[in-house]
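All figures in this text were calculated on a predicted structure; none of them were measured in a lab.
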Amino acid sequence: MARLSTEETEGELSSDATSEEAGPRFITGRDIKSTEEQERDGRGFIESRGGHYVHTYMEPDTSAWKRKRVRLPDGSVGYRVVRPVFEGALEDLKRGKAPNGERIDGLIVYDIDRLTRDPRHLEDAIETVEHYHRPIIDITGTLDLLTDNGRAMARVVVAMANKQSADTARRVRRNHKARRDRGIPVGGTRPFGWQEDKRTLDPTEAKHIRDAVKRLIEGAGWHAIVADWNRKGITTSRGNPWSWSGLRDMLRNPRLCGYRSYSVFEVAPETGREIRHMTIAHDDEGKPVMGQWDSILTVPEWEAIGEIVGDSPMRGGGYNTRTYLSTGILRCGKADCGAPLRGMKSSPSRGKPDGYFYYLCPSKVSGRGCGGVKIGGPETDELISKLVIAKYEDEAAERQAVEVPQEWAKEAELKVVREDIADLKQARRERKISAQRYYADLAEYEAEEQRLKQERNAWRRKTLAGQNRPVDMAKEWHREGITLAERRSYIERTLKAVIVLPVGSGRYVPVRDRLVPVWAEE
């Protein structure tokens, strides 16, 4: 087995890394042999003793120590070192057959570090040697799982190696925190809006972001922006087309307004799932850490767009491939039904124009509706289009009529809550209050802070919206190149549903009298 782990090449930030322009310099760990060298040495070790080399288990870029959150066979959640190649090698040893079908009698590793640093995996290896009589040895002579003393020594060595990995991880975390506190950009892919140095703005991409934010604040739909960018050939920094989730995550990033952020992993108590989210780094005084790069948005703009983005997908933000404009919005108005209507082309025998269609409730036989409501499709789509346009025009008129105050009324209240949080933390540091009291009070204060922040962000969104010209929906609706999905996104953003009332047999009721809109804000 030849394994190469990146964990030993991680290092800690050098004490003389003071040049922000040059970036941090790292103290690397001890050199380790490559997988090719390990394979060559292992093959030589086997052949020099008259053995027959059968197969090499290559395990590059893995950690023999770092645990991941996994679902266990009994359905519970646990943290385990995930090494499918290692586990497959043990299974092959138990069966006595290599992946190429040849007989296998034992396993050679370069040293015990290349075998495992996890005590649980070591016990699996010991079980294989003890009960299946397949030796696992290293070429340095330190690994001996055939005797009691050798197994005891292996457990000690693995425990020390496990600690060494934990020490390395601690140094890496300390390095990341040092970079975070100084506002140094993180590694990885170039963020959209900046050049390769992650500090200097890309003028074209930065303009795309500002224009998108302006359109969203004015009332444009999410999918309209995604479709527009993809139509113009604007790609992500990886060169991929944009999706709604990609645009959402990009606009959520505090980097846009200059804040240094980092990822936090939490487990949702209700679902048990691990959730990753971005949080703003703060200095010792509780102030946000500013990054060493040019910002694209102002802080109020970013907070306002955060109110629009929210913490979950917005209505009208998704993409779909429906054929008819109002599918999914129309609902059956018969009592005890409420099923969504579906579109269906008109039969030629009815003498309707080519392409004419109806919206109708699925039949009882289908189990999805009552089959008691039917309405003309083109007339319904036209009326719903007028409803959406009229709604946007009403909002635009209301926005122009209402004068937004220039100062948020609860700014002082938010400041007091934040001072209370700072005082609480200081009291805990000085051991004036218990941990139980601290966490109980902190949760209450943070909930109040979050509520006030949401109110402030909504106010800032309204303020910025009042400073811009509202979107002209009539012009946008009939814009050249607008897609069905874009129009549907505006409908979904404006309407939760449209109820279609039934009519008696043989009666005629105008379409406008049969539709009951349910607005999104209701």
Side-chain angles (χ1 to χ4, degrees), residues 5-31 61 63 65-66 164-210 213 236-239 246-266 274-303 305-306 309 418 422 425:
S5 170
T6 56
E7 61 197 22
E8 282 103 352
T9 61
E10 301 277 9
E12 61 183 44
L13 194 65
S14 174
S15 59
D16 61 351
T18 57
S19 173
E20 295 176 352
E21 291 76 13
R25 292 187 296 166
F26 291 94
I27 304 172
T28 59
R30 63 181 179 85
D31 293 334
D61 301 323
S63 173
W65 167 79
K66 191 178 296 182
Q164 183 184 28
S165 290
D167 291 342
T168 299
R170 186 183 66 254
R171 291 194 297 269
V172 171
R173 287 195 298 270
R174 186 172 62 194
N175 160 43
H176 287 321
K177 185 178 185 306
R179 293 167 63 88
R180 187 170 71 227
D181 292 345
R182 293 165 57 188
I184 298 174
V186 298
T189 307
R190 173 185 72 84
F192 185 80
W194 284 268
Q195 299 179 17
E196 291 295 339
D197 63 0
K198 303 183 180 67
R199 288 175 164 85
T200 309
L201 292 182
D202 181 299
T204 303
E205 293 181 353
K207 185 178 185 302
H208 290 324
I209 293 175
R210 294 189 186 103
V213 168
T236 67
S237 56
R238 293 179 180 269
L247 179 64
R248 174 200 63 190
D249 293 343
M250 185 267 289
L251 292 178
R252 278 179 175 174
N253 195 334
R255 161 182 264 274
L256 290 175
C257 66
Y259 286 156
R260 178 63 159 85
S261 61
Y262 61 99
S263 297
V264 174
F265 293 87
E266 296 178 345
E274 191 173 58
I275 301 172
R276 173 184 177 272
H277 63 88
M278 302 285 287
T279 187
I280 299 171
H282 291 80
D283 59 20
D284 294 338
E285 297 180 356
K287 298 179 180 178
V289 175
M290 302 305 296
Q292 298 177 10
W293 56 78
D294 301 326
S295 59
I296 295 177
L297 304 176
T298 64
V299 172
E301 284 175 333
W302 178 75
E303 290 177 339
I305 206 67
V309 174
R418 287 176 168 170
K425 291 180 177 179

query: What do the steps show when you test Trp194 against Asp202 for side chain to side chain contact (heavy atoms under 4.5 Å, CB included), and what is the final call?
result: CA-CA 5 Å; Trp194 284 268; Asp202 181 299; 5.8 Å; no

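- Remark: Val213 engages Ile209, Ile217, Leu251, Leu297, Ile305 in a side-chain contact (heavy atoms from CB on, under 4.5 Å) (not counting sequence neighbours).
- Partner of Arg252 under the side-chain contact (heavy atoms from CB on, under 4.5 Å) criterion, chosen from Arg248, Arg255, Met250: Arg248.
- Under the rule for a side-chain contact (heavy atoms from CB on, under 4.5 Å), Ser295 has no partner lying at least two apart in sequence or in another chain.
- Here the shortest heavy-atom pairing between Ile184 and Trp293 reads C-CZ3, 4.5 Å.
- Here the shortest heavy-atom pairing between His282 and Pro288 reads CD2-N, 3.6 Å.
- Val186 and Arg179 make their closest contact through CA-NH2, 4.4 Å (heavy atoms, listed as atom of the first residue, atom of the second, distance).
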query: Are Gln292 and Arg182 close enough, and set up right, to give a side chain to side chain donor-acceptor pair (under 3.5 Å), and what steps lead you there?
result: CA-CA 8 Å; Gln292 298 177 10; Arg182 293 165 57 188; over 6 Å; no

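- With a 4.5 Å cut-off on side-chain heavy atoms, Glu301 and Arg210 do not count as touching.
- When all heavy atoms are compared, the tightest approach of Asn253 to Trp302 is O-NE1, 3.1 Å.
- For Ser237 against Arg190, the heavy-atom pair with the smallest separation is OG-O, 2.6 Å.
- Under the ring pair (Phe, Tyr, Trp, His ring centres under 6.0 Å) criterion, Phe192 pairs with Trp229, Trp242, not counting sequence neighbours.
- Residue Lys198 comes nearest to Thr189 through the heavy atom pair CE-O, 3.9 Å, listed as atom of the first residue, atom of the second, then distance.
- Not counting sequence neighbours, Arg173 has no partner by the salt bridge (Lys or Arg N to Asp or Glu O under 4.0 Å) test.
- Summarising the geometry, atom OG1 belonging to Thr236 is positioned 9.0 Å from atom CD belonging to Glu205; distances are rounded to the nearest 0.5 Å.
- Remark: Lys177 engages Arg180, Asp181 in a side-chain contact (heavy atoms from CB on, under 4.5 Å) (not counting sequence neighbours).
- Counting only residues at least two apart or in different chains, salt bridge (charged side-chain N to carboxylate O under 4.0 Å, His left out) contacts with residues 286-295 comprise Glu285-Lys287.
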